[in-house]
Amino acid sequence: MSLRIATWNINSIRQRLGHLKDFTDSHGPDVLCLQETKVQDSEFPLSDLESMGYEEVFFHGQKSYNGVAILCKKAVQSHQKIVWCNKDDRRHLSVTLNNGLEVHNFYVPSGGPIPDPEQNDKFAHKIQFLKEMAKWVKNPDIKDKKLILVGDLNVAPLEKDVWNHKKLLKSVGHTPLESDLMAGLRQSGDLIDVGRHFVPDDQPLYSWWGYRYKPSFEKDYGWRLDHILATQSLKPALKKFEIVRHTRGWEKPSDHVPNVVDIDV
DNA sequence: ATGGCGCCTACGAGGCGA
């Protein structure tokens, strides 16, 4: 049986309900992880999502910023929230499916404008967050699990994960320090970079195109900030991967597009 | 060298994204 898991930073769930309907109709993910829902739980549009065919919907949000959700076509065994960096800022949710597979959904801090933890508290927060993640996946229990880690990790670690490697080396999201921390995260948990499992490192692969420079998508000035990582035991089960680029061309789109993986379970 | 736009809150303009 094939299980489809998707991750999408939708930049406000209430602004994107139409796009969510279109994406779930066309791709029908069994588990859909969302980031930047930007809504407190009391205002979460639960019935709209249930009507898209999701039996269980988990959400962990706050007013204005951050917020994550997981939509599940079928009821799950359990769900969990982990607090990172001692801040309850709604950046993680996970579910354990009935077959034991764990799906962890992350929204890593963007890191602010200056890539220096001394000058910029937001960058220091991002570094700390990535280090905590690496420490967490280092737990030997994790290696024995069937575990998928997805989300907006806000780092494009490889040269071909950005449209201009040399130009962006000093930009937050593509600094050598952040790329090293991402490599460390993967090594700590012996995790597979699912995107690069399917698309070779020397080919451009992007999931985000900024709003600020209007023609960024037409010019393909993209970054791969969204990721799917998997524990080694899932390697033979990985069947298909897609970055659904065309959603960036929709009317009033999110600046991120969905990453989708199919797993044989 | 910088900003661009879009979304938030809440009604003017500033915070945030990356």
Side-chain angles (χ1 to χ4, degrees), chain A residues 7-20 34-45 48 59-69 84-85 87-91 106-117 119-130 133 151-182 185 204-227 243 247-257 259:
Chain A
T7 177
W8 193 7
N9 178 323
I10 40 153
N11 185 20
S12 170
I13 195 165
R14 289 175 292 181
Q15 290 294 326
R16 232 60 70 189
L17 286 172
H19 290 185
L20 274 171
L34 302 173
Q35 304 88 35
E36 284 206 90
T37 53
K38 294 188 173 175
V39 65
Q40 56 193 327
D41 292 348
S42 60
E43 317 258 336
F44 190 86
D48 293 290
F59 44 95
H60 191 39
Q62 62 185 20
K63 199 181 263 202
S64 301
Y65 308 118
N66 310 334
V68 286
W84 302 84
C85 302
K87 282 180 198 265
D88 187 16
D89 55 356
R90 288 16 181 205
R91 294 179 181 277
F106 284 89
Y107 176 52
V108 171
S110 62
I114 304 160
D116 179 357
Q119 289 181 59
N120 174 5
D121 290 344
K122 288 177 181 161
F123 193 73
H125 182 208
K126 181 180 198 176
I127 299 310
Q128 178 63 25
F129 199 105
L130 291 166
M133 286 174 75
D152 177 3
L153 306 187
N154 266 318
V155 181
L158 305 178
E159 292 193 13
K160 292 295 186 181
D161 289 341
V162 292
W163 63 278
N164 187 329
H165 166 64
K166 281 188 179 166
K167 185 185 172 75
L168 298 171
L169 268 170
K170 291 179 179 171
S171 297
V172 170
H174 191 60
T175 62
L177 171 59
E178 292 164 276
S179 296
D180 287 350
L181 288 168
M182 275 286 287
L185 170 65
L205 193 61
Y206 311 137
S207 64
W208 176 87
W209 295 261
Y211 289 129
R212 292 188 197 186
Y213 181 64
K214 199 81 170 164
S216 64
F217 185 54
E218 294 95 275
K219 292 189 181 295
D220 207 18
Y221 292 168
W223 297 50
R224 187 171 69 114
L225 300 177
D226 303 276
H227 297 270
I243 293 185
T247 65
R248 186 62 177 81
W250 287 351
E251 189 95 9
K252 299 196 82 183
S254 169
D255 43 355
H256 296 253
V257 302
N259 277 239

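Keep in mind that this is a model prediction, so the values were computed, not measured. In the text below, chain A, chain B and the rest are named by the order of the sequence lines, each starting its count at 1.
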When you check the phosphate oxygens OP1 and OP2 of [N], does a side-chain N or O of [X] lie under 4.0 Å from one of them?
X: A/N11; N: B/dG6; value: no
X: A/Y107; N: B/dA18; value: yes
X: A/K214; N: B/dG3; value: no
X: A/K252; N: B/dC7; value: yes
X: A/K122; N: B/dC16; value: yes
X: A/H256; N: B/dA18; value: yes
X: A/S64; N: B/dC8; value: no

- prompt: Under 30°, 30 to 60°, or over 60°: which ring-plane class applies to A/W8 and A/W250, parallel, tilted or perpendicular?
  reply: perpendicular
Take atom [atom1] of [X] and atom [atom2] of [N], then tell me their distance rounded to the nearest Å.
X: A/Y211; N: B/dC5; atom1: OH; atom2: P; result: 13 Å
X: A/E36; N: B/dC5; atom1: CD; atom2: C1'; result: 14 Å
X: A/Q15; N: B/dC5; atom1: CD; atom2: P; result: 17 Å

- request: Answer with base, sugar-phosphate or nothing: what part of the nucleic acid does A/N66 contact at a heavy-atom distance below 4.0 Å?
  value: nothing
task: For residues A/I127 and A/E178, report the shortest heavy-atom separation together with the two atoms involved.
output: CD1-CG, 4.4 Å
message: For A/E159, is the CD atom crowded, meaning more than 12 foreign heavy atoms sit under 6.0 Å from it?
response: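 At most 12 heavy atoms, drawn from other residues, nucleotides or ligands, come within 6.0 Å of this atom.
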message: Any N or O donor-acceptor pair under 3.5 Å from the base of B/dG17 to the side chain of A/R212?
response: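 Side chain to base: pair present.
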message: Do the side chains of A/D226 and A/R224 get close enough for a salt bridge, i.e. N-O under 4.0 angstrom?
response: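 A salt bridge is absent here (no side-chain N lies under 4.0 Å from a carboxylate O).
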